[in-house]
Amino acid sequence: MNAHRVETVISQDRAVIIKDSPFRVGELVEVIILQCPPKRSENEQHPLRGMPITYISPTEPVAQEDWRAVR
């Protein structure tokens with residue numbers, strides 16, 4: 001199976017036009033139409049960007065009881 005991906009916009013009369021297809025004239029093809037997800041803004045993609053970082057007890061050991069040598 002040879003696949004070809006194209007993004008296009010539905011026209012006013014609800015038609016889909018695919019130009020410059022890599023397939024030969026008269027060749028049988030299957031067309032599946034998927035709706036693209038809406039584009040997200042930069043702020044929506046990285047909601048924590050620019051938020052202040054607070055460290056609580058930054059010098060305390062983490063998961064110390066999980067180490068076998070300590071047991």
Side-chain angles (χ1 to χ4, degrees):
M1 173 184 277
N2 188 6
H4 180 70
R5 185 177 188 278
V6 173
E7 283 190 19
T8 187
V9 178
I10 304 293
S11 66
Q12 190 69 24
D13 61 347
R14 295 185 178 186
V16 176
I17 299 172
I18 301 173
K19 295 182 180 181
D20 300 325
S21 170
F23 304 106
R24 294 185 306 254
V25 173
E27 191 172 355
L28 182 63
V29 296
E30 178 181 6
V31 178
I32 299 173
I33 300 175
L34 301 173
Q35 184 179 17
C36 294
K39 303 280 185 194
R40 298 190 319 179
S41 70
E42 181 69 23
N43 196 24
E44 289 177 308
Q45 291 177 359
H46 308 286
L48 299 179
R49 182 172 284 168
M51 298 293 292
I53 298 172
T54 304
Y55 296 103
I56 301 171
S57 303
T59 58
E60 293 295 317
V62 177
Q64 187 174 10
E65 55 276 348
D66 292 342
W67 290 88
R68 290 186 196 156
V70 178
R71 293 182 189 170

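All residue numbers in this chain count up from 1 along the given sequence.
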All N/O donor-acceptor pairs, side-chain side in residues 13-35, below 3.5 Å, sequence neighbours left out:
unit_1 : atom_1 : unit_2 : atom_2 : d
D13    : OD1    : S11    : OG     : 2.4
S21    : OG     : F23    : N      : 3.3
E27    : OE1    : R24    : N      : 3.0

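- Clustering of Ile, Leu, Val, Met, Phe, Trp and Tyr by side-chain heavy atoms under 4.5 Å joins I53 with Y55.
- Residue pairs that meet the salt bridge (Lys or Arg N to Asp or Glu O under 4.0 Å) test with at least one member in residues 1-10, sequence neighbours left out, are R5-E7.
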